[in-house]
Peer 1: 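Dropping a structure here in structure tokens format, bear with me for questions.
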Amino acid sequence: MLELNKSGTDRSEPGRLPAQAPGPDAAPDTRPADASPSTGPDAAAGRVPLRPYLIAGAILCALYFLYSYLQYARFGSPSWDLGIFEQEVRAYAGFDAPVVDIKGPGYLILGDHFSPIVALLAPLYWIWPSAESLLFAQAALFALGAVIVGRTTQQILGGRSGLCVTVAYGLSWGIQEAVKADFHEIAFAVPLLALVCRALLLKRYTAALLWSLPLVLVKEDLGATVAVVGFLLFVYGRRLQGALLAAFGVAAFVVTLVVLIPAASSAGRYDYWTKIDKNGEQDVSMLDSVLGVLNSSVKIEMLVFLIGITAFMALRSPLTLLIVPTLGWRLLSQDSNHWGMVWHYSAILMPVLFLALADGVRRSRGSHRPWLASYAKVAVPVAAAIAVAMTQHLPLRDLLRPETYRTDDARSQAARAALDAIPAGSRVETDITLMAHLTSDRTVYWVGGAPGTAPDIVAINLDFGWSRPIQDPVAYAEQLHPEARYRLKHRGGSFVVMERTTPEPAKIPGVRGD
């Protein structure tokens, strides 16, 4: 369990987290009282080589990007998010407001989620204007988190623990599922949270404060996480810094949700409140949401696997408190997509949990409970073994299958032929299958989400999974846009491309005239 202080085991000064006692096998401290401070954490950092972790990080980056690229090349994007983020980054790269037409014609994305940090990808997009650049950026950011987590563990625990934790983190289900889910803004939070936890563990408290500040630019809910960092600083004895950071985190959280997002939203509100207070069309009280935080086996399974991947040693570290805000809104949500182990929502928890593992092992080595001290000696390899064993049921296992590398199958060829039939610069309404392949040089709308626009092209995958089969694609396009007429331009496999035959509307929703 989280043990800030417990009589008879770990003792500390009032107001401080417990100091780590030496392990049962530790040699007595024979340093003189005026020993040089070079024996502290900074000296340990100098003794830990960086190269092995850079190599491990490069391997992980290659694996993550290879999986993402192959999924993209096989037209297997699981959602519309990659297309959304490419439209956002493309707008920033052109020094325009971040309008994302996939969400609706002229939709300002900062009125949906507050993630201005995504603008940092604009320089990469200048060089590589493709959705693939976002996939590479995410792979690099996740791998950077592995470098930070592994090397910090080595500094704290010594031995081969650092590389073991690098493997455990790199193969963790939270990271693998995020790779499968394509790009999301939380990729920036992963190394930032790793740096925050590293600074806390190495007692570099000012660095912890500074690394936590950019988190409020990653996503609107992370202000609450910043507040928890402030709380930990306060408990560690940095009372002024902790109080100020906690106040900043709370203020950023409130201002973003109540002021900034509603100001950018055409609806004038933060739409995701409904995830907590509505279940479909049914209203849900806050009390019912709180009482129902563990009302699903899916939620319980997620919690068990979150802590289980650290061999349960993360429970020994106060760092685990940093996962509470993210888990809180997910468990309160009425949307079942937020509860389980899929999608990207758990990625930001991974660096926190694995550095909490390192801290928990360090604390437990000096425990007066013999079983706990003994278990601490094997917890790190156990966590690595769990990660490797779980990978056989996770996305990266596909890299061992020959069919994963076949990007010239009939379906992929038909999809590329459909892309070739869509002129660059055109306005296209489409489904998820082709979406992220069109956003680099076309204006792209979500099928059914752009009434009155009369797009130049309507391109659909008949096998996409429609609620009712589309028997007549042209009639379907004209049903979506009764203001226009369409004709069949291309059909191959399950992919159909229709072009507008009537003149473009004089006024298109969401498009400003020059």
Side-chain angles (χ1 to χ4, degrees), residues 66-87 90 101-102 128-135 180 182-183 398 401-451 453-504:
L66 178 61
Y67 181 92
S68 299
Y69 169 77
L70 292 171
Q71 179 173 258
Y72 176 82
R74 297 195 314 272
F75 295 85
S77 291
S79 76
W80 64 356
D81 290 336
L82 182 58
I84 285 173
F85 282 106
E86 185 179 3
Q87 282 192 336
R90 180 184 172 189
D101 292 304
I102 291 172
W128 190 358
S130 167
E132 295 160 286
S133 65
L134 277 63
L135 298 175
K180 181 180 179 179
D182 284 337
F183 178 86
D398 290 346
R401 298 174 175 173
E403 59 268 24
T404 301
Y405 300 87
R406 294 171 188 154
T407 59
D408 59 349
D409 58 287
R411 178 180 176 276
S412 298
Q413 290 178 355
R416 293 190 188 94
L419 291 178
D420 292 338
I422 302 173
S426 58
R427 294 183 300 109
V428 186
E429 188 167 351
T430 190
D431 57 69
I432 290 170
T433 314
L434 298 177
M435 185 173 287
H437 295 262
L438 294 166
T439 42
S440 63
D441 58 0
R442 285 99 161 174
T443 299
V444 179
Y445 305 116
W446 166 245
V447 63
T453 58
D456 307 313
I457 298 289
V458 176
I460 56 176
N461 174 13
L462 297 175
D463 291 342
F464 173 63
W466 309 98
S467 57
R468 286 183 294 180
I470 298 174
Q471 303 294 342
D472 187 341
V474 173
Y476 179 70
E478 293 179 349
Q479 177 185 336
L480 294 174
H481 300 283
E483 72 278 7
R485 291 292 174 266
Y486 288 86
R487 72 174 182 86
L488 185 65
K489 181 180 181 182
H490 171 84
R491 182 163 190 166
S494 63
F495 294 90
V496 181
V497 177
M498 290 145 295
E499 64 178 356
R500 193 187 67 247
T501 58
T502 49
E504 184 176 276

Peer 1: Mind listing the closest non-hydrogen atom pair of R491 and L462 along with its distance?
Peer 2: NH2-CD1, 3.2 Å

Peer 1: Check step by step if side chain to side chain contact (heavy atoms under 4.5 Å, CB included) holds for F495 and H490.
Peer 2: CA-CA 8 Å; F495 294 90; H490 171 84; 5.5 Å; no

Peer 1: Go through the structure and list residues passing salt bridge (charged side-chain N to carboxylate O under 4.0 Å, His left out) with E504, not counting sequence neighbours.
Peer 2: R427

Peer 1: Mind listing the closest non-hydrogen atom pair of A73 and S412 along with its distance?
Peer 2: O-OG, 4.1 Å

Peer 1: Identify the two heavy atoms, one from R487 and one from T501, that lie closest to each other, and give their separation to 0.1 Å.
Peer 2: CG-CG2, 3.6 Å

Peer 1: Can you tell me how far apart CG (L419) and CZ (F75) are? Round to the nearest 0.5 Å.
Peer 2: 4.5 Å

Peer 1: Not counting sequence neighbours, list each pair that qualifies as a salt bridge (Lys or Arg N to Asp or Glu O under 4.0 Å) and has a residue in residues 435-451.
Peer 2: none

Peer 1: Work out which heavy atom in K180 is nearest to a heavy atom in Y67; give both atom names and the distance.
Peer 2: CG-OH, 3.6 Å

Peer 1: Table please: side-chain donor-acceptor pairs of residues 467-479 below 3.5 Å, with sequence neighbours left out.
Peer 2:
residue, atom, partner, partner atom, Å
D472, OD1, V474, N, 3.3
D472, OD1, A475, N, 3.2
E478, OE2, Y486, N, 3.0

Peer 1: Which distance, rounded to the nearest 0.5 Å, do you find between the CD1 of I457 and the CG of L434?
Peer 2: 11.5 Å

Peer 1: Identify, with sequence neighbours excluded, every residue that meets salt bridge (charged side-chain N to carboxylate O under 4.0 Å, His left out) alongside E132.
Peer 2: none

Peer 1: Name all residues meeting the ring-ring contact (aromatic ring centres under 6.0 Å, His included) criterion together with Y72; count only those two or more places apart in sequence or in a different chain, and write none if there are none.
Peer 2: H437

Peer 1: How close do S130 and S440 get, heavy atom to heavy atom, and via which atoms?
Peer 2: CA-CB, 4.5 Å

Peer 1: Once side-chain hydrogen bond (donor to acceptor under 3.5 Å, both in side chains) is applied, do any residues pair with D463, and if so which ones, sequence neighbours excluded?
Peer 2: none

Peer 1: Any donor-acceptor pair under 3.5 Å linking the side chain of S494 with the backbone of N461?
Peer 2: no

Peer 1: Measuring from atom CD of Q413 to atom CG of D408, what distance do you get when rounded to the nearest 0.5 angstrom?
Peer 2: 6.0 Å

Peer 1: Taking side-chain hydrogen bond (donor to acceptor under 3.5 Å, both in side chains) as the definition, give me every residue that meets it alongside D431, ordered by chain and number, with sequence neighbours left out.
Peer 2: T433

Peer 1: Working note: I460 + W466, criterion side chain to side chain contact (heavy atoms under 4.5 Å, CB included); need CA distance, chi angles, decisive distance, verdict.
Peer 2: CA-CA 10 Å; I460 56 176; W466 309 98; 4.1 Å; yes

Peer 1: Report the residues that fulfil ring-ring contact (aromatic ring centres under 6.0 Å, His included) with Y69, sequence neighbours left out, ordered by chain and then residue number.
Peer 2: none

Peer 1: With sequence neighbours left out, what residues match L70 under side-chain contact (heavy atoms from CB on, under 4.5 Å)?
Peer 2: L66, R74, L399, T404, Y405, T407

Peer 1: Going by side-chain hydrogen bond (donor to acceptor under 3.5 Å, both in side chains), name the residues that satisfy it together with T502, two or more places apart in sequence or in a different chain.
Peer 2: none

Peer 1: Could I get the full list of side-chain hydrogen bond (donor to acceptor under 3.5 Å, both in side chains) partners for H481, not counting sequence neighbours?
Peer 2: E429, E483

Peer 1: Could you state the interatomic distance from OG1 (T430) to CG (L438), rounded to the nearest 0.5 Å?
Peer 2: 6.0 Å

Peer 1: Hey, could you give me the CD1/CG distance between I84 and D101, rounded to the nearest 0.5 Å?
Peer 2: 11.0 Å

Peer 1: Please collect all side chain to side chain donor-acceptor pair (under 3.5 Å) contacts where either partner lies in residues 77-86, sequence neighbours excluded, each pair once.
Peer 2: S77-D182, S79-D81, D81-H184, E86-Y125, E86-T439

Peer 1: Closest approach of A436 and G83, non-hydrogen atoms and distance?
Peer 2: CB-N, 4.1 Å

Peer 1: Would you compute the distance between atom CD of E499 and atom CZ of R485 and round it to the nearest 0.5 angstrom?
Peer 2: 15.5 Å

